[in-house]
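What you see is a predicted model; the values in this text were computed from it and never measured. Hydrogens, waters and symmetry mates are skipped; everything else that's a heavy atom, side chains included, is used. Note that the numbering runs from 1 along the sequence shown for the chain.
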Amino acid sequence: MTSTLDILNTAPRTAALAMIEPLVECSPWVAAATVDQRPFACDEALARALVETILRAEPGQRVALFNAHPELAGKEAAEGRMTEASTGEQGRLGLLALSAAEASRLTRLNATYRARFSHPFIIALHRVENLRSLFATFERRLAATPLEEHITTLAEIASVIRSRAARAFGMGAQTPKNLAAAT
């Protein structure tokens, strides 16, 4: 049986890009700068390569990557414009069905954070247990310096990439039928 990683490693460049791009939120430049490093030995190697591409990028390019992320339960969610991955990640915590009080609190936190750091709050939601811990982390991070928050945001994005790569290309990842038939 052909694994999704085998398919990625042997796919034409355009097809490989389409497979990698969802791992990094709305930032196809990361996949484009990484895809030619194939073959990847494992999902962790792919994730590491993507993160290294981000870390080598100019600071302005990293901030643009930050700004490609949707706010938590923000406008993109309300308008149905989030990626499938973000929709699933936010939905798991109930961010797409908040009470009025929770939605109001999150709207205030999103606005305060964006005003302070000039990009949306980014957190690896797969590591967040519940809304209470999400709100506590959000409020704690508002006290960080811009440099501290830039570093934390990069670490959160790295964690998201590792999680998405493991789901898409790790052991037990399901090979989509349309990809398996193409090989």
Flag the pair [X] / [Y] as yes when at least one side-chain heavy-atom distance between them is below 4.5 Å, and no otherwise.
| X | Y | value |
| --- | --- | --- |
| L134 | L72 | yes |
| R114 | N110 | no |
| E102 | L95 | no |

Which heavy atom in [X] sits nearest to a heavy atom in [Y], and how many Å separate them?
| X | Y | answer |
| --- | --- | --- |
| H69 | L65 | ND1-O, 2.9 Å |
| W29 | A57 | CH2-CB, 3.6 Å |
| V128 | R92 | O-NH2, 2.7 Å |
| E21 | P28 | OE2-CB, 3.5 Å |
| I20 | A31 | CG2-CB, 3.6 Å |
| A68 | E25 | CB-O, 3.6 Å |

Side-chain ([X]) to main-chain ([Y]) donor-acceptor, under 3.5 angstrom:
| X | Y | value |
| --- | --- | --- |
| S3 | D6 | yes |
| E71 | F121 | no |
| T87 | T83 | yes |
| N67 | V63 | yes |
| S133 | N130 | yes |

Acceptor/donor pairs from residues 150-158 side chains to any protein atom, 3.5 angstrom cut, sequence neighbours excluded:
{"residue": "H150", "atom": "NE2", "partner": "R62", "partner atom": "NE", "Å": "3.2"}
{"residue": "T152", "atom": "OG1", "partner": "E148", "partner atom": "O", "Å": "3.0"}
{"residue": "T153", "atom": "OG1", "partner": "E149", "partner atom": "O", "Å": "2.8"}
{"residue": "E156", "atom": "OE1", "partner": "A124", "partner atom": "N", "Å": "2.7"}
{"residue": "E156", "atom": "OE1", "partner": "R127", "partner atom": "NH2", "Å": "2.9"}
{"residue": "E156", "atom": "OE2", "partner": "R127", "partner atom": "NH2", "Å": "2.8"}

Using a cut-off of 6.0 Å, state whether more than 12 heavy atoms not belonging to E129 lie near its atom CD.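 Open.
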Are L5 and I161 connected in the hydrophobic side-chain network, where two residues link if heavy atoms are under 4.5 Å apart?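 Yes, because L5 and I161 connect within a single hydrophobic cluster, where side-chain heavy atoms sit under 4.5 Å apart.
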How far does CD1 of I123 sit from OG1 of T137, to the nearest 0.5 angstrom?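 One finds 4.5 Å between CD1 of I123 and OG1 of T137.
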Give a yes/no verdict on a cation-pi contact between R105 and F135, requiring under 6.0 Å between NZ or CZ and the six-membered ring centre and an angle within 45° of the axis.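 Judged by the rule, R105 and F135 form a cation-pi pair.
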Contacts of type side-chain contact (heavy atoms from CB on, under 4.5 Å), residue E89, not counting sequence neighbours: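 Partners of E89 by the side-chain contact (heavy atoms from CB on, under 4.5 Å) criterion, ordered by chain and then number, come out as A85, S86, L125, V160, R164, R167.
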Salt bridge between R108 and E139, side-chain N to carboxylate O under 4.0 Å?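 Here R108 does not pair with E139 in a salt bridge, since their nearest N and O are not under 4.0 Å apart.
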Quick one: which residue pairs count as a ring pair (Phe, Tyr, Trp, His ring centres under 6.0 Å) with a foot in residues 151-174, not counting sequence neighbours?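 Output for this query is empty, none listed.
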Taking only residues two or more places apart in sequence or in another chain, which ones pass ring-ring contact (aromatic ring centres under 6.0 Å, His included) with H119?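 Per chain and number, H119 pairs via ring-ring contact (aromatic ring centres under 6.0 Å, His included) with F66, Y113.
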Before giving the answer on side chain to side chain contact (heavy atoms under 4.5 Å, CB included), spell out for L98 and L131 the whole-Å C-alpha distance, their side-chain angles and the decisive distance to 0.1 Å. CA-CA 10 Å; L98 295 170; L131 284 177; 3.7 Å; yes
Please write out which residues are connected to L96 in a hydrophobic cluster, directly or through intermediates, given that two of Ile, Leu, Val, Met, Phe, Trp, Tyr count as joined at side-chain heavy-atom separations below 4.5 angstrom.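 M82, all in the cluster of L96.
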Contacts table for residues 37-48: side-chain donor-acceptor under 3.5 angstrom, sequence neighbours left out:
{"residue": "R38", "atom": "NE", "partner": "V35", "partner atom": "O", "Å": "3.2"}
{"residue": "R38", "atom": "NH1", "partner": "L8", "partner atom": "O", "Å": "2.8"}
{"residue": "R38", "atom": "NH1", "partner": "A11", "partner atom": "O", "Å": "2.7"}
{"residue": "R38", "atom": "NH2", "partner": "A11", "partner atom": "O", "Å": "3.4"}

